[in-house]
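The structure appears right after this line, and notes come after that.
As the structure is a prediction and not an experimental result, all values here were calculated from the model.
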Amino acid sequence: MIYINLFIEFFKTGLFAIGGGLATLPFLHEIADKYDWFTQSELIDMVAVSESTPGPLGVNMAAYAGFNAAGVWGSIVAVTALVSPSMIIILIISRFLKRFGESRIVSGTFKVLRPAAAGLILAAALSIITLTVFNTETRRILPIPLILYAILTTLCFLGEQLHKLPKLRKLRPHPVLFIAVGAVLGIALL
């Protein structure tokens, strides 16, 4: 029965989480409330591990949640369920895209999906910030995670600004550097 539940929940997540891995977070919050496969605090760890490992965020999180729920087979079921809707939709669209690619309805649908995806990603980002910066029991701001966010945001902004300066274009830091700095700061401050 757990495999069926895993498949249904992650299939729904894959079907409605338009916009990538972070868009799966609201669905994962719902799954955490509904089942005992992982807790809300483990969800933060799932995001951290998924962000720092190779592969799509949503797939990594599905593998983690599935493994927590039912071991290796649970992981396989969750990942298969998560990617199945995308594969089915891509197969269907690829057959008709050549014929309907210039359609006003198709182009209008894509215009509507862009803000919806942006909204899901924004909701996920706010969810992550809320879980990490606020103490849910006391409803107070935790200063160390807030400082960590400020430092990382500043470093990322400065790193991106280096890219815009012609003389410093070669000095643009690699994204792995930001992951390493984030990991070190996270371990040191938390």
Assigning hydrophobic clusters by single linkage (Ile, Leu, Val, Met, Phe, Trp, Tyr; side-chain heavy-atom cutoff under 4.5 Å), is W73 placed with I31? yes
Would you please name every residue forming a side chain to side chain contact (heavy atoms under 4.5 Å, CB included) with A65, sequence neighbours left out? F10, F38, M46
Sequence neighbours left out, what passes ring pair (Phe, Tyr, Trp, His ring centres under 6.0 Å) with F16? Give chain and number order. none
Once rounded to the nearest 0.5 Å, what's the spacing between atom CG of L28 and atom CG of D33? 11.0 Å
With the side chain counted from C-beta on, respond yes when I89 and L15 share a heavy-atom pair under 4.5 Å apart, and no when they do not. yes
A62 to A78 - nearest heavy-atom pair and separation: O-CB, 3.3 Å
In the single-linkage hydrophobic clustering (I, L, V, M, F, W, Y; side-chain heavy atoms under 4.5 Å), do F27 and I8 co-cluster? no
For the residue pair F67 and V72, what are the closest heavy atoms and their distance? CD1-N, 3.7 Å
Can you tell me how far apart CG (L6) and CZ (F11) are? Round to the nearest 0.5 Å. 14.5 Å
K111: which residues meet the salt bridge (charged side-chain N to carboxylate O under 4.0 Å, His left out) condition with it, sequence neighbours left out? none
Looking at residues at least two apart in the chain, or sitting in another chain, which of them share a side chain to side chain contact (heavy atoms under 4.5 Å, CB included) with E30? none
What's the separation between atom CD in E9 and atom OH in Y35, rounded to the nearest 0.5 Å? 4.0 Å
Would you name the heavy atoms of W37 and E42 that are closest together and state the gap between them? O-OE1, 4.4 Å
Could you state the interatomic distance from OH (Y3) to OG1 (T80), rounded to the nearest 0.5 Å? 12.5 Å
Hey, quick one: are M87 and V79 part of the same hydrophobic cluster, counting side-chain heavy atoms closer than 4.5 Å, chains of contacts allowed? yes
Which residues pass the side chain to side chain contact (heavy atoms under 4.5 Å, CB included) test with T154, sequence neighbours left out? L158
Interatomic spacing from OG1 in T24 to CG in L82 - rounded to 0.5 Å: 7.0 Å
Return the minimal non-hydrogen interatomic distance between A63 and S75, and the atom names on each side. O-OG, 3.1 Å
Could you pull out all residues at least two apart from I92 that satisfy side chain to side chain contact (heavy atoms under 4.5 Å, CB included)? I88, F96
So which heavy atom on L25 is nearest to which on L43, and how close? CD2-CD1, 4.0 Å
